[in-house]
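Below you'll find the structure, written out as structure tokens, and then a few comments.
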Amino acid sequence: MASPATADRLRRVLEQALVFARAAFTGVYTPGDDPSHLNLAESAGLPRTLYGLRDGYPATGASPVAEAHRRGRPVWLGPEELAACPEARRTPSGDFSLAVLPLGPAGAGCLLAISEHPGGFDGDDRACLELITRAIAVPAPPQAVAEDAGELPPDTFSLAMDSGRVEVGDDILRLFAIGRDGFDGRVETLLGQTVPEDLPALMSVVEADHMSIGDRELEFRILQPSGPPKWLRLRGRLLPAGDGRPARLVGTVADASTLRSDVTDVARVQRLAASLATAGTVKDVGQAVVAALRKPLKADRIALAELENDRLVVTVLDPPEPESWPEVWRSEWRSEWPDAPVRAMPTLAAVLREGRARIWPAGSPLEPALAEVGPGGLAVLPLPAGGRMAGACLIGWDRPHDFAPDERALLTACAGLTGQALLRAHAFDAEHELVGMLQRTLLPRRLPRLPGAVAVARYLPTTQGLEVGGDWYDVIPLADNHVAFVIGDVQGHNAGAATLMGQMRTALRAYAAEGHSPDVVVAHANRLLLDMETDLFATCGYVDVDMEQGTAWCVRAGHLQPVLRHPDGSTEIVQAEGGPPLGVLAQAEFPMTPLRLQPGTVLALTTDGLVESADSDIDAGMDRLARALAAADPAHLGLVADALLTGAHRGDDVALLLMRYDGMAVRPLRESWTVWRVPEAVRHARRFTRRTLRGWGVHRDTLDAALLVVSELVTNALVHTGGPVRLDMSLVNHRLRLAVADASPRSPVKPASIGWEATGGRGILLVEAVSDAWGTIPVSGGKQVWADLVPTG
């Protein structure tokens with residue numbers, strides 16, 4: 001193999017092409033042991049697989065590499081010429097240009113460069129590439145490593161890519177703490193000692209299908225019997241198959257703690273590529289870039305921004321504290337830059353237009369908003385992706401910083417990787433936001449104000465995938481100061497689950513409004529779900545709270561138990577008897593469990609996404625929720641909800657509903673009267689009304705109006721309906737409500753006009769005239785007609 005010094009020098013020269021010739025990839029192809037074959041000796045930039053490039057080409061073939069090598073003349077190909085080139089048919093789709101320059105006379109090898117810029121390499125870029133070819137010292141062709149392990153140098157390895165068998169020297173075995181007699185020759189034995197976080201990057205080296213920019217240099221960690229992991233550095237080269245031998249990865253492994261580690265390490269770019277490959281959101285991309293650049297470059301601040309139309313929208317500021325940034329940024333924190341169009345910042349506009357990284361040393365004349373980001377030096381990286389600019393990255397230093405060529409190469413390589421990742425993450429975030437918006441439209445926009453209680457709710461969509469979930473919650477005000485608190489979870493994470501969630505929430509609200517008891521409400525929902533003939537099921541928790549009495553009934557359909565925080569700070573996981581999930585059994589029973597609520601009691605209802613994960617079962621999660629609820633201050637219920645969600649596992653949706661029962665300051669006065677179908681029924685109802693309202697101290701004028709309303713409502717119920725009739729009266733906060741319930745679901749209709757000769761139809765008009773408000777609500781298969789009066793005394 002070529003000496004380390006020669007390989008390092010060649011790599012540094014190629015990295016200059018990334019900066020000064022605006023290349024995305026550069027590589028050197030030279031004749032190997034077989035002069036009829038050209039091998040990739042060294043490369044820099046983005047992974048070659050993105051452009052369909054191979055590790056070797058036949059010297060007599062029709063590839064651009066072979067043509068430049070044989071004829072000794074440069075080859076310049078744009079996207080159209082590449083599409084027509086037979087060797088380019090295996091190239092992935094995408095617009096890029098290719099340049100191949102001979103390293104000397106015909107037969108000496110060649111330099112290959114890729115450009116993603118529209119128009120390809122311009123005149124300056126071509127002149128730069130020609131200069132670089134003259135500076136390249138071609139390394140000696142790699143020599144085969146002996147198959148006999150005894151002949152291997154102590155720090156060398158040879159890995160057969162087809163079988164995974166590996167020959168290693170004694171020094172490498174010593175680094176892995178494996179004896180020669182105990183080594184089975186399998187590469188998996190060595191990979192098994194790798195720190196899990198570093199394994200993806202290492203696999204990209206030892207798997208031929210994933211050879212990329214780090215296929216020749218990589219730092220990784222291995223586990224130790226005691227103490228922190230050990231850093232190792234791998235350097236290698238993939239040798240093509242030939243002469244009956246499989247393709248092999250040959251190279252060296254050394255202790256990285258004894259080697260100089262600086263920003264020239266291609267391993268940094270390799271680790272950044274591995275991090276960006278798993279970055280799902282724009283925030284993840286920003287964190288990966290900060291981790292890859294700030295410490296190695298010893299930068300004081302990094303800003304990452306997306307380009308949206310003519311504006312740069314800041315997505316990451318590191319450090320995040322306002323005082324770490326210039327005053328002009330701090331005046332309107334995180335909005336000074338996004339709110340300014342790019343054309344208002346000529347320096348940034350020029351960098352984005354040119355598409356190449358720019359660096360300004362200390363004291364350079366720049367706009368104040370940029371100069372103060374890096375008074376000791378500023379680097380601006382345009383982030384290209386998909387033929388356009390995805391954004392920009394600013395890196396600033398406070399003290400004067402000398403920019404080495406290695407740093408320029410590192411910045412350029414990172415810019416291309418970051419741009420592509422930013423574009424993918426933006427699309428992911430946009431789709432995830434659309435899914436979240438769909439979910440939110442199916443949930444209550446706001447919770448109602450409650451008599452004697454305060455309620456808050458939270459919903460967190462899962463961060464895994466883009467599909468909408470089926471968690472829901474609801475707060476339903478009912479008659480007589482009852483309130484139903486509902487929480488549920490439909491099986492699955494897809495549009496079907498979300499649709500079913502919306503249907504179940506609507507159905508439960510409708511059944512509750514009809515006045516059914518909690519067990520009947522849930523039973524009706526169960527039958528409805530079975531009638532839908534869906535394969536999905538749902539769990540549900542339903543708690544009906546009487547705000548006047550401080551009592552409640554709880555019904556569970558396969559859902560988690562409620563958690564109560566008592567006024568003394570103790571918590572209780574309510575052992576409420578439960579039925580099966582909705583949509584499972586047609587003849588299911590849903591028993592009711594009574595609850596007693598003292599003023600200051602907090603009721604917590606949640607879905608399993610908050611208390612269950614791959615690392616924790618439901619029981620442990622419920623205990624954790626109870627402890628967190630006990631430690632919270634119930635005076636600020638919104639803060640309690642936020643605290644309970646802190647650190648929530650986001651592998652599933654999370655719905656949380658909290659209610660603090662305070663008790664009603666003024667308890668309503670209530671009376672009821674069963675109206676019998678007898679000739680004197682209306683007179684009896686009026687007599688009951690007069691006696692009751694006098695006892696409540698209602699003013700005479702209001703009493704007369706109330707008697708008229710009762711006469712009309714009771715008469716209508718007796719004349720137009722059958723079955724039982726009931727008169728209910730309540731006085732709440734100086735508001736009198738008169739209500740008559742009957743067994744007919746048909747609501748009274750106010751006539752549009754009544755002639756003088758008409759004998760009926762004036763009753764509702766009279767009720768409307770003397771009352772402050774009136775209406776009808778469904779109640780248990782029938783209806784209730786009500787009218788409100790505000791007493792004057």
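The figures here come from the full heavy-atom set of this structure, side chains too, leaving out hydrogens, waters and symmetry mates.
Screening residues 552-568 for side-chain hydrogen bond (donor to acceptor under 3.5 Å, both in side chains) gives T539-H559, H566-E572, D568-S570 as the qualifying pairs, with residues at least two apart or on separate chains. Judged as a salt bridge (Lys or Arg N to Asp or Glu O under 4.0 Å), the pairs with a partner in residues 656-666 (not counting sequence neighbours) are, in order, R660-D662. Counting only residues at least two apart or in different chains, ring pair (Phe, Tyr, Trp, His ring centres under 6.0 Å) contacts with residues 510-532 comprise Y511-H524, H516-H524. Residue pairs that meet the side-chain hydrogen bond (donor to acceptor under 3.5 Å, both in side chains) test with at least one member in residues 575-598, sequence neighbours left out, do not exist here. Residue pairs meeting the salt bridge (Lys or Arg N to Asp or Glu O under 4.0 Å) criterion with at least one partner in residues 675-688, sequence neighbours excluded, are E680-R683.
Side chain to side chain, S517 and D519 meet the donor-acceptor criterion of an N or O pair below 3.5 Å. Side-chain contact, D471 with T607: a donor N or O sits under 3.5 Å from an acceptor N or O.
Contact annotation: the side chain of R458 never approaches that of L610 to less than 4.5 Å [non-hydrogen atoms, C-beta and beyond]. Residues I764 and W774 have side chains in contact (heavy-atom distance under 4.5 Å, counting atoms from C-beta outward). P748 places a side-chain heavy atom less than 4.5 Å from the side chain of T776. Side-chain contact between M659 and V543: absent, with no pair of heavy atoms (C-beta onward) separated by less than 4.5 Å. The shortest distance between side-chain heavy atoms of Y661 and V483 does not fall below 4.5 Å. Side-chain contact between N481 and R670: present, with at least one pair of heavy atoms (C-beta onward) separated by less than 4.5 Å. Considering only heavy atoms from C-beta on, L529 comes within 4.5 Å of L500 through its side chain. Between T606 and L560 there is a side-chain heavy-atom pair separated by less than 4.5 Å.
In this structure, OG1 in T551 is found 4.5 Å from CG in D546, a value given to the nearest 0.5 Å. To the nearest 0.5 Å, atoms CE (M664) and CG (L450) are separated by 10.5 Å. Rounded to the nearest 0.5 angstrom, L656 CG and L460 CG are separated by 9.0 Å. In this structure, OG in S744 is found 10.5 Å from NE2 in H720, a value given to the nearest 0.5 Å. Distance check: W696 CH2 to T702 OG1 gives 13.0 Å after rounding to the nearest 0.5 Å. The distance from the CE atom of M501 to the CG atom of D653 is 8.5 Å, given to the nearest 0.5 Å.
Remark: the backbone N or O of L585 is paired with a side-chain donor or acceptor of N526 at under 3.5 angstrom. Judged by distance alone, with hydrogens and angles left aside, the side-chain atoms of D480 form no donor-acceptor pair with the main-chain N or O of H482 at under 3.5 Å.
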>> Between L707 and L693, is the side-chain contact (heavy atoms from CB on, under 4.5 Å) condition met? List the steps.
In response: CA-CA 10 Å; L707 293 175; L693 297 187; 5.9 Å; no
> Step by step, would you call H636 with V640 a side-chain contact (heavy atoms from CB on, under 4.5 Å)?
Replying inline: CA-CA 6 Å; H636 305 285; V640 174; 5.6 Å; no
> Does the side-chain contact (heavy atoms from CB on, under 4.5 Å) test come out yes or no for T689 and M729, once each step is laid out?
Replying inline: CA-CA 8 Å; T689 302; M729 295 184 294; 3.6 Å; yes
> Stepwise, does the side-chain contact (heavy atoms from CB on, under 4.5 Å) test hold for L603 with L564?
Replying inline: CA-CA 5 Å; L603 169 70; L564 293 179; 3.6 Å; yes
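The environment of CZ in R691 is crowded: more than 12 heavy-atom neighbours from other residues, nucleotides or ligands sit within 6.0 Å.
Between V475 and P477, the shortest heavy-atom contact is O-CD, 3.6 Å. Scanning all heavy atoms of the two residues, the minimum distance from A717 to V725 falls at CB-CG1, 3.9 Å. Counting all heavy atoms, side chain and backbone alike, D544 lies closest to P518 at CB-CG, 3.5 Å. Contact between C554 and A576 at its shortest, heavy atoms only, is SG-CB, 3.9 Å. Contact detail for R735 and A773: the closest heavy-atom pair is NH2-CB, 4.2 Å. Summarising the geometry of A557 relative to L582, their closest heavy-atom pair is CB-CD2, 3.7 Å, with the distance given to 0.1 Å.
Not counting sequence neighbours, the partners of W673 by the ring pair (Phe, Tyr, Trp, His ring centres under 6.0 Å) test are F688.
For D623 and R627, the salt-bridge test fails: no basic side-chain N is under 4.0 Å from an acidic carboxylate O.
Among D728, D742, V740, the one residue that satisfies the side-chain contact (heavy atoms from CB on, under 4.5 Å) test with Q784 is D728.
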